[in-house]
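Notes follow once the structure below has been shown.
Predicted, not measured: the structure shown is a model, and the values here were computed from it. Whatever order the structure lists ligands and atoms in, that order sets their numbers, starting from 1.
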Amino acid sequence: MGVKSITTSSSKKSKKQHNGKVKKNKKVKKVRKSKKPKSTSDDNEAESSVKDDGEDSKKASGNHVTADGILVLETKSDDDEGFDDYDGHFDNPTDIPSTADGSKTPSLVIHGNENDLANNDDYIALSASSEDEDAKQKEEEKQKKEEEILEKKQKEILNTDYPWILNHDHSKQKEISDWLTFEIKDFVAYISPSREEIEVRNQTISTIREAVKQLWPDADLHVFGSYSTDLYLPGSDIDCVVNSELGGKESRNNLYSLASHLKKNNLATEIEVVAKARVPIIKFVEPHSGIHIDVSFERTNGLEAAKLIREWLNDTPGLRELVLIVKQFLHSRRLNNVHTGGLGGFSIICLVFSFLHMHPRIITREIDPKDNLGVLLIEFFELYGKNFGYDDVALGSSDGYPVYFPKSTWNAIQPIKNPFTLAIQDPGDEANNISRGTFNIRDIKKAFAGAFDLLTNRCFELHSATFKDRLGKSILGNVIKYRGKARDFKDERGLVLNKAIMENENYHKKRSRIIHDEEFTEDTVTSTATASTTEDDYDIIEPPTKKVKTQPSESEAKKEPLKEKSEETYITISSGDDDDEDGYNPYSL
Ligand SMILES: Nc1ncnc2c1ncn2[C@@H]1O[C@H](COP(=O)(O)OP(=O)(O)OP(=O)(O)O)[C@@H](O)[C@H]1O
Ligand SMILES: [Mg+2]
């Protein structure tokens with residue numbers, strides 16, 4: 001089922017606009033990264049090697065470089081992070097003016113077939129044979145010309161910002177919304193990982209894990225975040241966590257020990273130790289792959305979240321596509337970095353998940369999300385750019401499904417100093433607002449609203465253009481750009497195993513076995529105790545606390561239409577232990 005027109009009216013779940021009384025954001029302190037730290041006595045013990053490094057260390061911030069070249073950040077800013085040469089400015093490839101205030105957005109309805117080829121003087125009359133040949137020749141010439149124009153335009157865009165349209169021309173689509181849907185799919189295919197990229201990530205994780213185990217035999221390294229959910233862009237970092245039997249690896253000294261150990265083994269450059277943060281981490285670049293790695297310590301919440309997000313992906317068609325587009329959109333505007341008030345990957349996932357699960361036309365099965373990604377993207381921008389009531393509404397979940405609730409009833413975030421903030425309840429911890437760092441919601445909202453205007457204007461413009469003028473044009477290119485290394489369009493996630501996913505599945509399987517075994521032991525102990533005390537009629541034995549698995553609720557049953565269609569291409573890869581899979585299938589997404 002496809003939607004054949006774009007309307008602006010369907011996603012007005014909350015019409016409350018912010019009141020405009022927004023305090024100016026505090027300026028974020030910039031901390032200069034030490035790109036080429038001086039390498040000195042590598043042999044020093046990590047703990048003792050934390051020394052002052054001249055003038056830098058005298059800064060009030062307390063940031064300094066250790067003797068073995070590790071940057072220690074007492075305060076942290078990541079605003080120079082990024083994986084390509086984005087300039088942070090919005091370069092509109094078509095120079096279509098945006099309706100700056102976003103208030104007068106035209107309602108967009110695509111009419112009949114004015115642009116059909118049949119209306120473009122393509123009619124060839126049947127008559128005498130010489131005329132036939134003439135007409136045929138003319139037609140061939142015309143086609144040749146069109147191909148030349150397309151080729152020329154495609155050559156031009158090689159150096160521009162929307163390479164996903166190369167050899168993927170959808171300009172002849174009757175419905176503009178379908179054109180945008182195809183472009184979104186092409187973009188996702190374009191940035192999806194190749195076999196080599198997955199292998200490099202797998203290898204990188206293995207190498208770091210070995211090094212961690214070498215230093216701490218009681219510890220292991222697990223991956224969470226976008227690599228373990230297949231929601232990574234080509235340059236995304238890998239989020240890892242070190243957990244240990246003895247615990248305590250998050251101590252300041254241990255952080256330095258690991259940083260130093262990785263450096264000595266040539267496994268880390270550009271190392272930063274963020275020891276004082278709420279979640280202490282080490283950040284570095286693995287030099288062989290060039291991948292940015294974040295390592296946190298002694299936590300399991302990210303591992304839980306990874307499993308949950310994979311379940312969301314399985315149950316929510318369109319989630320992966322829209323998340324990747326929104327990530328890229330925010331990245332190219334440098335609005336994705338939580339350290340500078342941006343919107344992080346986890347928050348983006350929650351916003352899109354909530355949007356899709358509460359969309360009236362998806363709930364009622366009126367539309368198939370995969371066939372309507374274009375309309376949905378526009379409506380996502382409309383909702384969070386124009387209509388969402390940031391002042392009053394929080395996003396949360398109930399029975400595993402997203403809900404809205406009043407911010408005023410969320411005790412954990414009281415008192416609310418600035419009402420114009422995004423509040424998203426962590427699905428794994430109801431006291432945690434995962435978007436509390438997103439203090440720049442004003443710019444994010446503005447960017448979303450601008451994207452809505454740009455996309456709808458572009459759709460209008462291309463709708464009334466001739467097919468000749470549409471050739472080589474992009475709709476999506478009006479709001480996102482990609483300036484990484486040239487890529488092919490191969491999504492090879494089905495060809496090679498993503499070890500982070502497999503290991504996360506194994507981790508959860510193992511954990512549920514442990515819980516089961518514990519319960520079983522408790523049951524056995526209890527029944528033994530019961531048996532041995534049967535003669536003692538008055539001994540009351542408390543039943544063991546059971547971990548109750550939630551039954552699917554009524555609302556879950558209603559959500560059935562969001563389940564992925566089974567006729568999709570399905571390639572399974574054996575992880576060596578079939579039992580350990582949680583049903584995640586990259587090619588069904
Ligand atoms: N504010 C937060 N509170 C609790 N956990 C968080 C928070 N932010 C991130 N996390 C955890 O860290 C993981 C990675 O978060 P992140 O924002 O880096 O998203 P990501 O999917 O890895 O995106 P990206 O590819 O942009 O890095 C999340 O899946 C979540 O488990
Ligand atoms: Mg991440």
Query - Per-atom contacts of ligand 1 with Ala305, taking only distances under 4.0 Å to non-hydrogen atoms - result: 31 (O)

Query raised in the report: Which residue owns the protein heavy atom closest to atom 18 (O) of ligand 1, what's the atom, and how far is it?
Result: Asp239 OD2, 3.7 Å

Requested in this report: Record the part of Phe224 in heavy-atom contact with ligand 1 below 4.0 Å; permitted values are side chain, backbone, both and neither.
Outcome: side chain

Requested in this report: Indicate, as side chain, backbone, both or neither, the part of Ser236 found under 4.0 angstrom from ligand 1 when only non-hydrogen atoms are considered.
Outcome: side chain

Query raised in the report: Considering residues, nucleotides and ligands other than Glu430, do more than 12 of their heavy atoms fall under 6.0 Å from its CD?
Result: no

Query raised in the report: Nearest protein heavy-atom contact for atom 4 (C) of ligand 1: which residue, which atom, what distance?
Result: Asn432 ND2, 3.2 Å

Query raised in the report: Out of Gly345, Ser296, Pro427, whose heavy atom is nearest to atom 17 (O) of ligand 1?
Result: Gly345

Report summary line: The protein heavy atom nearest to atom 25 (O) of ligand 1 is Ser226 OG, 2.7 Å

Report task. State whether Asp294 contributes an N/O/S atom found under 2.8 Å from the Mg ion (ligand 2). Result -> no

Query raised in the report: Can you tell which part of Leu233 has a heavy atom less than 4.0 Å from ligand 1: side chain, backbone, both or neither?
Result: neither

Query raised in the report: Which of the numbered atoms in ligand 1 are below 4.0 angstrom from a heavy atom of Asp426?
Result: 4 (C)

Query raised in the report: What orientation do Tyr232 and Tyr227 show, parallel under 30°, tilted 30 to 60°, or perpendicular over 60°?
Result: perpendicular

Report task. Anything under 30° is parallel, anything over 60° is perpendicular, the rest tilted; go ahead and classify Phe380 against Phe355. Result -> perpendicular

Report task. Enumerate the atoms of ligand 1 whose separation from the nearest heavy atom of Asp237 is less than 4.0 angstrom. Result -> 27 (O)

Requested in this report: Could you check Val273, Asp294, Ile291, Val295 and say which one makes a side-chain contact (heavy atoms from CB on, under 4.5 Å) with Phe284?
Outcome: Val295

Query - side chain to side chain donor-acceptor pair (under 3.5 Å) partners of Ser192, counting only residues at least two apart - result: Arg320

**Report entry** For atom 1 (N) of ligand 1, closest protein heavy-atom neighbour
**Finding:** Ile434 O, 3.1 Å

Requested in this report: Please work out which of Phe346, Tyr232, Tyr227 has its closest non-hydrogen atom nearest to atom 16 (P) of ligand 1.
Outcome: Phe346

Query raised in the report: By atom name, which N, O or S atom belonging to Asp239 lies closest to the Mg ion (ligand 2)?
Result: OD2

Query - Nearest neighbour in protein (non-hydrogen) for atom 23 (O) of ligand 1 - result: Lys327 NZ, 3.1 Å

Requested in this report: Scan Asn243, Asp218, Asn254 and name whichever one has a side chain to side chain donor-acceptor pair (under 3.5 Å) with Lys249.
Outcome: Asp218

Report task. Could you tell me which atoms of ligand 1, counted from 1 in the order shown, lie closer than 4.0 angstrom to a heavy atom of Gly302? Result -> 31 (O)

Query raised in the report: Quick one: do Glu503 and Arg209 make a salt bridge, cutoff under 4.0 Å?
Result: yes

Requested in this report: Please answer whether the main-chain N or O of Ser228 pairs with a side-chain N or O of Arg310 as donor and acceptor at a distance below 3.5 Å.
Outcome: yes

Query raised in the report: Above 12 or not: heavy atoms from other molecules or residues under 6.0 Å from CD of Glu245?
Result: no

Query - ring pair (Phe, Tyr, Trp, His ring centres under 6.0 Å): pairs with one or both residues in residues 183-203, sequence neighbours excluded - result: Trp164-Phe187, Tyr190-Tyr482, Tyr190-Phe489

